[in-house]
There are 2 protein chains.
Amino acid sequence: MNRQTTNGGHADGTVGKALDVMDLVAAKGRPARFAELLAESDHPKATLYRLLQTLTSQGMLTYDEGRQTYAPGLRLVRLAHAAWQQSSLAPIARPLLDALSEQVGETIHLAQMDQGQVLYVDKRNARKPIDMFSEAGKIGPGYCTGVGKAMMAFLPEDDRAKAINMQAFFAHTPQTLTTAEALERELDAIRAEGVSFDREEHEQGIICIAAPILSATGRVMGALSITTSTQRNTLDGLEKLRPALTETAAKIAEAAESWQFPD
Amino acid sequence: MNRQTTNGGHADGTVGKALDVMDLVAAKGRPARFAELLAESDHPKATLYRLLQTLTSQGMLTYDEGRQTYAPGLRLVRLAHAAWQQSSLAPIARPLLDALSEQVGETIHLAQMDQGQVLYVDKRNARKPIDMFSEAGKIGPGYCTGVGKAMMAFLPEDDRAKAINMQAFFAHTPQTLTTAEALERELDAIRAEGVSFDREEHEQGIICIAAPILSATGRVMGALSITTSTQRNTLDGLEKLRPALTETAAKIAEAAESWQFPD
DNA sequence: CGGATTGTTCCATATAATGAAACCTTATTC
DNA sequence: GAATAAGGTTTCATTATATGGAACAATCCG
């Protein structure tokens, strides 16, 4: 049996455990001490200790002798550069995002799906352009973001069911869809409509329109969104940007397929 | 025995081997087939196969069923975001880079040292961008870049010796320093001078001025450079930007120390 | 100075990785 | 279209590696 979904809870082998530890350290968001990590992992002391040593010796973590803390290492940044270039739409979409940004003057997100979550791989700010890893690499929920819903809507039935199952359905705002049923209905509508809207479902005052990026055969490659605030614009206003959005999404799909991204 | 330098040739444990495979895939720069990877790794078929399976199942690699190729996975991008935020100077230096960029209008690089190589962690483009390699996450040689020399010059003696040992001394241009002796002399001069210059040593027509970013106790945290082309400017012209450069470098050091980065 | 708390090392045992070879499966050739 | 080759996957006895309970240091704390 071939396991192709990324692993959610339990790890296979030593490598899996080591990567879990990586996640643990990364999730802390700040340098973490041994004891802290020990408390959150279910590994015995000695095991975690040696895992940390190995990762540190490999440059995946950095150990701060002074404060006795572990943090993600720079080797990751190197590796991620390759990942970003090769398995994300970002480098291909770059000039197209620039053009769209120029045209609409609002914040733009390019996202892909990773384990039921939204992974942002590129972004343009309303005002000035930003740089790679500052925003790229961030993750977000699938069920209450424009890009998340746009991608889920066009997933094959079983993948969609799996993705829906992974959602937390936490009510970020009063508008958040908080049940699988509500989400499913919404996804049906999105599939009929071709684009999705975020109606302040994730953050109060933030709205967006998003479109999936689909391969010629209909496979979901990613999603593209234009985001704004209720102070600057309205849902109707966003609707007007729809042609620019879907056109760019189509262009990205085309560009991606001509270079790689098969089926 | 504790191996603390990141791995150059041989790995410790299974995790090390797995990470070697990651490097291998990342280094290819494009989706790679099993056989290709097999040829370059010294693992037996079955071993490499299972290593790849594990990494894929962990989301560190993505496997393209259609083309039967492996590429770095998106989980890396997620992890790298954490690494970039926590163990790089970039997020701290961000506003300062913006200001410097505004002021000098040339390309700016922020780099750190990783295994004797230069790792670029942030960048600002010149107002009129010139075509040249570099993005965050990219790596470069230490011995023939402004930032590389600036950092090496201020390393403690033994670390410096180690770093010099790791250099390839490939002659990218006629100006490249191609011996350890020449480099050492250059580093002495840089230490006396406080800043380094790249005199078209890495790429014909590209010059830069760079300054180290030093902690209060003199530890090398990174380096900052202003890059231009011989068409746009001269070494003398760059010399004039020196105050702005060193001042920004100092500010970054200060900002970094007040938040973390110990000794 | 006792008594915690936190971090590191040992070592017999359990577990997981190994790799040679067999076995599929898909291209290629005649 | 059968034969052959190349690429990819699985098996299984063997071996190397990771494991974790417990002992040991080191550091902190009142």
Side-chain angles (χ1 to χ4, degrees), chain A residues 1-5 7 9-25 28 30-71 73 260 262-263, chain B residues 1-7 9-25 28 30-71 73 262-263:
Chain A
M1 185 112 296
N2 216 346
R3 181 162 296 141
Q4 47 206 18
T5 40
N7 164 337
H10 40 195
D12 56 347
T14 314
V15 175
K17 282 174 218 162
L19 292 173
D20 278 354
V21 172
M22 285 302 306
D23 275 343
L24 192 62
V25 175
K28 298 248 51 147
R30 60 187 164 70
R33 307 190 56 137
F34 177 81
E36 258 184 294
L37 297 169
L38 181 58
E40 295 185 37
S41 96
D42 38 6
H43 297 295
K45 236 207 263 193
T47 302
L48 178 63
Y49 179 72
R50 267 170 302 99
L51 240 26
L52 287 170
Q53 284 223 137
T54 303
L55 289 168
T56 303
S57 121
Q58 292 294 330
M60 295 293 281
L61 296 176
T62 48
Y63 180 63
D64 181 327
E65 305 245 2
R67 324 217 151 163
Q68 297 188 140
T69 55
Y70 295 89
Q260 51 171 276
D263 248 7
Chain B
M1 189 108 301
N2 216 346
R3 181 163 294 144
Q4 48 206 18
T5 39
T6 5
N7 157 355
H10 39 196
D12 57 348
T14 315
V15 174
K17 281 175 217 159
L19 292 172
D20 277 355
V21 173
M22 285 301 308
D23 274 343
L24 192 62
V25 175
K28 298 246 52 144
R30 60 187 165 72
R33 304 191 58 129
F34 178 82
E36 261 184 292
L37 297 170
L38 181 59
E40 295 185 36
S41 96
D42 39 5
H43 298 294
K45 234 207 255 194
T47 301
L48 178 65
Y49 179 72
R50 269 171 298 99
L51 240 26
L52 287 170
Q53 284 225 136
T54 303
L55 289 168
T56 302
S57 121
Q58 293 293 330
M60 296 293 283
L61 296 176
T62 49
Y63 180 63
D64 181 327
E65 305 243 5
R67 324 223 148 160
Q68 298 187 139
T69 55
Y70 296 88
D263 247 8

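As the structure is a prediction and not an experimental result, all values here were calculated from the model. Residue numbering restarts at 1 for every chain, and letters A, B, ... go by the order of the sequence lines.
- Look at Gln68(B) and you won't find any side-chain N or O under 4.0 angstrom from OP1 or OP2 of dG7(D).
- Between the P atom of dG7(C) and the CZ atom of Arg50(A) lies a distance of 16 Å, rounded to the nearest Å.
- Using a 4.0 Å heavy-atom cutoff across all strands shown, Ala35(A) reaches sugar-phosphate atoms only and no base atom.
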Inset, instruction - Would you write the dot-bracket representation of DNA chain D, where each base gets (, ), [, ], | or . depending on whether it forms a Watson-Crick or G-U pair under 3.5 Å and with which partner? - result: |||||||.|||||||||||||||||||.||
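- Atom OH of Tyr63(A) is separated from atom C1' of dT8(C) by 10 Å (rounded to the nearest Å).
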Inset, instruction - Check the pair Glu36(B) / Arg30(B) against side-chain contact (heavy atoms from CB on, under 4.5 Å), numbers first and verdict last. - result: CA-CA 11 Å; Glu36(B) 261 184 292; Arg30(B) 60 187 165 72; 3.0 Å; yes
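- Proximity of Glu40(B) to Leu37(B): side-chain heavy atoms (C-beta onward) are nowhere separated by under 4.5 Å.
- Rounding to whole angstrom units, NE2 of residue His43(A) and P of dA16(C) are separated by 12 Å.
- One can place CG of Asp42(A) at 17 Å from C1' of dG21(D), the figure rounded to the nearest angstrom.
- Listed pair Tyr49(B) / dT9(D) meets the phosphate criterion, a side-chain N or O lying under 4.0 Å from OP1 or OP2.
- At the phosphate of dA17(C), OP1 or OP2 sits under 4.0 Å from a side-chain N or O atom of Thr14(A).
- As a whole-Å value, the separation of Phe34(A) CZ from dC28(D) P is 17 Å.
- Put simply, CG on Leu48(A) is 10 Å from P on dG7(C), counting in whole angstrom units.
- Residue contacts for Arg33(B): at a heavy-atom cut-off of 4.0 Å it reaches the sugar-phosphate backbone alone, with no base atom in range.
- The side-chain heavy atoms of Val15(B) and Lys17(A), taken from C-beta on, include no pair separated by under 4.5 Å.
- You'll find the side chain of Thr62(B) stays beyond 4.5 Å of the side chain of Thr56(B), heavy atoms only.
- Looking only at side-chain heavy atoms (C-beta outward), Thr47(B) and Arg50(B) come within less than 4.5 Å of each other.
- Contact of the Phe34(A) side chain with the Leu48(A) side chain is registered, since non-hydrogen atoms from C-beta on lie closer than 4.5 Å.
- Side-chain N/O atoms of Thr47(B) include none lying less than 4.0 angstrom from OP1 or OP2 on dA17(C).
- In this structure, the CD atom of Gln53(B) is 11 Å from the P atom of dT11(D), given to the nearest Å.
- In this structure, the CD atom of Glu36(A) is 15 Å from the C1' atom of dT5(C), given to the nearest Å.
- Using a 30° and 60° split on the angle between ring planes, Tyr63(A) and Tyr70(A) fall in the tilted class, from 30° to 60°.
- Between Lys45(B) and Ala46(A), the residue whose closest nucleotide on DNA chain C is further toward the 5' end is Ala46(A).
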